[in-house]
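A quick write-up on the structure given underneath.
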Amino acid sequence: MRRRTSLRFGLAIALAACALATGHAQDRPAWARDLPNLPAKAGWYQGLGMAKTAGKGDSAWDDAAGRARAQIASQIRVRINNSVSRAVQETASGTEMTLTDAYASTTEQITSATLEGVVLERWYDEDAGTLYAYGAISQAEVEQRFREKMQDALASARVYHAAAKKAMQQDDPFTACGQLLEAMKVVSLAEASLERTISGSIEGSGPSIPVFPVLQSQMCGYLGKLQFEITGGDRQEAQRGKALAEPLLGRLTFRSDHGMVPVQGAHLTAGFVAPASGKAISDFRTTPQGEFSVPVNEITSGEAASRIRISLALPGLTAFVARFPDLARCAASAFQDYTFSLKSRTTATVAIRIVETNLGVPRAKSSVQEEIQRLLVGSRYTVMEDSKVLRLVSEGQLTAAITSGDYHAVAGPLGKIADIAIIGTVTASERNSPMPQIYFSAGRAVVRVLDCKTGVILGSVLLENEKEGGASYENAGSKLLEAMAKKVGERVKTELDKALE
């Protein structure tokens, strides 16, 4: 009897422990009384995560805990970013990166360290089969940890500096530059936050001197020994909307104590220097030989001399250069510019032929063609005479090209006398008249702007369901063609100017 009682007592203890471990049979905690709402708790950052449980050993707790921590982390980041913004001057001329962005890695470290002090509570809702995770940390504690991090800036800088020194011993200048930059970030942010100069010995021994100038000097020393070399892809001719014919080829080396050595595994990035723009691979690394190859997939804008910059991917360096002018003298070693020239025509010879009909009858003079000619003459365009155009292509060929969409048979012959061809068909036909003695006409226009050298369509104008009334169908058609001429002419001129920018 005593043995049976002991077994029952042991089983009860085990079941109670199991219930506590899984969150079952808990009293509802105060924070869980109004779920999914959080309790009113002024001066605290709170996070709530929830996850459905699928049975023993599932990942519900990890999921819920992760969501709760993520909520707290986002609030801490906002608070610390505000502190950073107040501490540093939020300007960085010549770069798209703000100084707050430059300190993002430091901000993330403070956030992660602060989250380590957050203890999460759990509660299981048996009816809903949902596990909840809740955590909170006081705003005052976050502020205190931020201040502690700033007070401890010298210790953090020593850790980064030691890592940079070790990387240099391994002929890894890219990692060394990255570690030095992190040391500069934490020291400069501390100086701005505490409003005093951080002094000490970066090596851990020796005289106490201002730390930031030492770090800046070492950074310049490392950058000054880097050398980008162009091995291909420079000074290419580009066309808008197309890729560069050749990739950007280069090599990155470092002048070490025992000669020039290739920089392998360096993280590089490619970007267009304004006003140029386009698409290129923006994230790549050097080979063991220090080489890199960057295809440029599209050029969207540029000038006669445009640039694409290959640079060390050191987040925040450009913004630091804007804030600390002494860095500017050595930052040029951290990038290499490749140039390209965008083909553009200052003038162009244009061949125009528009086939125009009113009620199925061809018109000797096209209103649309005359309007296009009027808009182009006297500007950057030279318009070819109609007679020269008609010697090379017939109206039947023009109509067939518009209908089929195959323009090579037209663009090829016209390319002998012109850079650009503007061809199209414009029609006016009878339309049902809703009232007696008033006649309506329906209109349609299809006009293409072609590059005669390639046959590529540079622009297109389409008008449909245009209408106009008149005393007769013929009169209505004539009035409609005149009205369409203005619309088509303006749009063709716009398309042509845009294509040749």
Side-chain angles (χ1 to χ4, degrees), residues 237 239-242 303-304 342-358 361-428 443-464 466 477-501:
E237 285 194 344
Q239 293 187 44
R240 195 185 311 275
K242 293 189 175 182
E303 296 179 334
L342 188 62
K343 290 182 180 179
S344 62
R345 299 184 179 95
T346 55
T347 61
T349 304
V350 183
I352 309 172
R353 189 58 185 171
I354 306 296
V355 178
E356 190 169 294
T357 61
N358 186 12
V361 179
R363 306 186 81 195
K365 289 186 177 181
S366 165
S367 299
V368 171
Q369 181 168 326
E370 288 185 341
E371 180 64 16
I372 295 173
Q373 289 173 340
R374 185 186 71 79
L375 292 172
L376 298 187
V377 169
S379 59
R380 61 194 285 196
Y381 307 104
T382 302
V383 180
M384 300 304 299
E385 296 177 2
D386 290 353
S387 59
K388 293 183 178 181
V389 176
L390 288 173
R391 290 193 195 110
L392 297 172
V393 294
S394 66
E395 292 189 357
Q397 288 176 305
L398 290 170
T399 305
I402 292 289
T403 304
S404 66
D406 182 1
Y407 302 104
H408 286 86
V410 173
L414 291 179
K416 298 175 182 178
I417 63 169
D419 302 310
I420 304 295
I422 300 173
I423 65 172
T425 59
V426 182
T427 61
R444 185 174 189 270
V446 180
V447 180
R448 308 293 190 211
V449 181
L450 308 175
D451 185 328
C452 291
K453 307 303 180 186
T454 63
V456 172
I457 298 175
L458 300 177
S460 183
V461 176
L462 175 64
L463 293 182
E464 290 189 290
E466 300 292 304
S478 296
K479 291 170 63 178
L480 178 58
L481 292 170
E482 293 290 340
M484 292 172 66
K486 294 181 179 180
K487 290 184 180 181
V488 173
E490 291 174 356
R491 295 185 187 181
V492 166
K493 176 69 161 52
T494 300
E495 292 288 319
L496 190 53
D497 289 343
K498 186 190 304 181
L500 299 183
E501 285 179 351

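With a 4.5 Å cut-off on side-chain heavy atoms, Ile417 and Leu392 count as touching. At least one side-chain heavy atom of Ile423 sits under 4.5 Å from a side-chain heavy atom of Val410. Counting only heavy atoms from C-beta outward, the side chains of Leu414 and Val393 approach each other to under 4.5 Å. Side chains of Val355 and Gln369 form no contact here, defined as non-hydrogen atoms less than 4.5 Å apart. Counting heavy atoms from C-beta on, the side chains of Leu462 and Val447 never come closer than 4.5 Å. The shortest side-chain heavy-atom distance between Val383 and Ile352 falls under the 4.5 Å cut-off. Annotation: side chain of Ile422 is in contact with side chain of Val350 (closest heavy-atom distance under 4.5 Å). Taking 4.5 Å as the limit, every side-chain heavy atom of Glu495 sits out of range of all side-chain heavy atoms of Leu458.
The closest donor-acceptor contact from the side chain of Asp451 to the backbone of Val456 lies at 3.5 Å or more, if one exists at all.
Scanning both residues, Ala418 and Cys452, for their nearest heavy atoms gives O-CB, 3.5 Å. The minimum heavy-atom distance linking Gly477 with Asn358 is given by the pair CA-OD1, 3.4 Å. Among all heavy-atom pairs drawn from Pro362 and Thr357, the shortest one is CA-CG2, 3.8 Å. Counting all heavy atoms, side chain and backbone alike, Ser367 lies closest to Ala485 at O-CB, 3.4 Å. The two residues Lys493 and Leu375 make their nearest non-hydrogen contact at CE-O, 3.7 Å.
A donor-acceptor contact closer than 3.5 angstrom links the side chains of Asp497 and Tyr381.
In this structure, the separation between CD on Glu395 and CG on Leu398 is 7.0 Å, given to the nearest 0.5 Å. Distance check: Ile372 CD1 to Leu496 CG gives 9.5 Å after rounding to the nearest 0.5 Å. The CD1 atom of Ile402 sits 5.5 Å away from atom OG1 of Thr425, with the distance rounded to the nearest 0.5 Å.
For residues 362-376, every residue pair satisfying the salt bridge (charged side-chain N to carboxylate O under 4.0 Å, His left out) rule, not counting sequence neighbours, is listed here: Glu356-Arg363, Glu371-Arg374.
The salt bridge (charged side-chain N to carboxylate O under 4.0 Å, His left out) test with Glu466 is passed by exactly one of Lys486, Arg444, Lys479, Lys487: Lys487.
Within a 6.0 Å sphere centred on CD of Glu385, other residues, nucleotides and ligands contribute 12 heavy atoms or fewer.
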